[in-house]
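Atoms within a ligand are numbered from 1 in the order they appear, just like the ligands themselves.
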Amino acid sequence: MSIPATAPSPGPSAPATDLVASSLPDFASAAYKDAYSRINGIVIEGEHEACDNYKAIGTLLPEQAEELDRLARMEMRHMRGFQACGKNLKVTPDMDFARTFFTPLRNNFQAALAEGKVATCLLIQAILIEAFSIAAYHIYIPVADPFARRVTEGVVKDEYLHINYGQVWLKAHFDEVKEELMTANKANLPLIKTMLDAVETDAAQLRMEKENLVEDFLIGYQEALGDVGFTTREIIRMSAQSLG
Ligand code: PL3
Ligand code: FE2
Ligand code: FE2
């Protein structure tokens, strides 16, 4: 980092918050708001589809429908929270862009649902999407406006419950679903990579770096696969199948 020679030196009494504040983006700039319209649309749509997905998984696991309904209702709250974040910045979310962003993953989820493939549905929603959202929210929190930071901190706590739900079910059925999970990983992990690429430029405008997103996502995803029962070698092989 270079400091211009003319910059006034921050005296010993300068509050540390000034330094933090100066490193935050300009939330009112046109460039920030333009990028935010797409990112905000993505998280609103993602939370909405997550709600639908947990309800749908409940139709495959009727004995778990009540718990899944609780998760679905949390997703609805998350969606409203992020809608408020957009309003607070006077940004209109680009919902058409967001629906398209999720189309390939949504199609794969719908196909698995139609075939009654619980493990694939859980891998897509409760592991991949949740690990993606946890990584994104983590990286976003330090560079968010104060209102969105509070909202996102509340949301990310719930997302851990969601990924945990998926892990517990898949772990309990690991032997029967191992092959299916490997196939589902192969078909869906590349879509996450494409989604990360598609959001890279807008995320950078929000001061979120793609490398950090990828790193945080992979750590969470690999940890989840390990908890479910895959060996380190299997996890490396599964990860190598798409993220470069
Ligand atoms: C389910 O609980 C969550 C589904 C949402 C997935 C969204 C992933 C977001 C990736 C884009 C980066 C967003 C930064 C966060 C801004 C609020
Ligand atoms: Fe959520
Ligand atoms: Fe979630």
Side-chain angles (χ1 to χ4, degrees), residues 25 27 32-33 35-57 67-89 91 93-95 97-99 101-106 109 121-122 124-167 188 191-214 216-217 220-221 224:
F27 304 114
Y32 188 90
K33 289 170 77 173
Y36 204 83
S37 70
R38 286 178 293 278
I39 302 264
N40 188 230
I42 287 171
V43 293
I44 291 168
E45 177 66 21
E47 298 291 355
H48 193 185
E49 292 195 20
C51 170
D52 292 347
N53 291 350
Y54 284 116
K55 283 192 194 145
I57 295 167
E67 177 158 16
L68 286 158
D69 199 61
R70 266 193 326 113
L71 304 189
R73 274 184 278 126
M74 285 185 214
E75 303 296 20
M76 226 44 207
R77 273 203 304 280
H78 298 171
M79 184 191 80
R80 290 196 199 100
F82 288 125
Q83 284 173 327
C85 294
K87 276 206 187 80
N88 179 54
L89 294 179
V91 166
D94 187 339
M95 299 313 297
F97 174 84
R99 267 196 79 74
F101 180 83
F102 281 103
T103 296
L105 209 50
R106 179 173 56 243
F109 182 91
C121 288
L122 284 173
I124 293 174
Q125 175 56 52
I127 308 289
L128 279 172
I129 296 181
E130 298 294 355
F132 186 34
S133 73
I134 289 170
Y137 298 161
H138 262 161
I139 306 295
Y140 175 59
I141 285 169
V143 291
D145 66 85
F147 180 86
R149 187 182 312 156
R150 270 195 307 280
V151 169
T152 310
E153 279 167 350
V155 167
V156 80
K157 286 199 195 95
D158 290 343
E159 309 303 10
Y160 284 111
L161 302 176
H162 300 174
I163 198 165
N164 188 63
Y165 175 86
Q167 285 175 205
N188 292 288
L191 301 181
I192 298 288
K193 158 93 171 132
T194 310
M195 290 159 84
L196 280 161
D197 290 343
V199 88
E200 177 178 7
T201 310
D202 288 329
Q205 191 61 245
L206 272 54
R207 304 258 172 104
M208 299 168 64
E209 278 181 46
K210 186 182 161 200
E211 290 82 80
N212 296 339
L213 282 167
V214 172
D216 222 79
F217 165 74
Y221 184 56

Between [X] and [Y], what is the ring plane arrangement, given parallel below 30°, perpendicular above 60°, and tilted in between?
X      : Y      : value
Tyr137 : Phe82  : tilted
Phe27  : Tyr32  : perpendicular
Phe132 : Phe217 : perpendicular

Closer than 2.8 Å to the Fe ion (ligand 3) - protein N, O or S atoms, ordered by chain and residue number: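 As for protein N, O or S atoms lying under 2.8 Å from the Fe ion (ligand 3), they are Glu75 OE2, Glu130 OE1, Glu130 OE2, Glu159 OE1, His162 ND1.
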
Protein heavy atom at shortest distance from [atom]:
atom                    : value
atom 6 (C) of ligand 1  : Ser133 CB, 3.8 Å
atom 7 (C) of ligand 1  : Val43 CG1, 4.1 Å
atom 11 (C) of ligand 1 : Val199 CG2, 4.0 Å
atom 10 (C) of ligand 1 : Phe132 CZ, 3.6 Å
atom 16 (C) of ligand 1 : Ile39 CG2, 3.6 Å

The one among Ala148, Cys51, Ala136 that brings a heavy atom closest to atom 12 (C) of ligand 1: Ala136

Check: Glu47 and Val155 side chains under 4.5 Å, non-hydrogen atoms: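 Val155 vs Glu47: side chains touch.
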
Any His162 side-chain heavy atom under 4.5 Å of His78 side chain: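 Counting from C-beta outward, His162 and His78 do come under 4.5 Å.
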
Do [X] and ligand 1 have an N or O pair less than 3.5 Å apart?
X      : value
Tyr137 : no
Glu130 : yes
Gln125 : no
His162 : no

Run the numbers for me: atoms of ligand 1, each under 4.0 Å from some heavy atom of [X], listed by number.
X      : result
Gly46  : 4 (C), 5 (C)
Ala50  : 1 (C)
Ile129 : 4 (C)

Under 3.5 Å: donor-acceptor pair, side chain of Arg207, backbone of Pro142: no

Glu153 atom CD, over 12 foreign heavy atoms within 6.0 Å: yes

Within reach of ligand 1, part of Glu75 (heavy-atom separation under 4.0 Å): side chain

Any Thr152 heavy atom less than 4.0 Å to ligand 1: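 Not so, Thr152 does not reach ligand 1.
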
Met208 to ligand 1, any heavy atom closer than 4.0 Å: yes

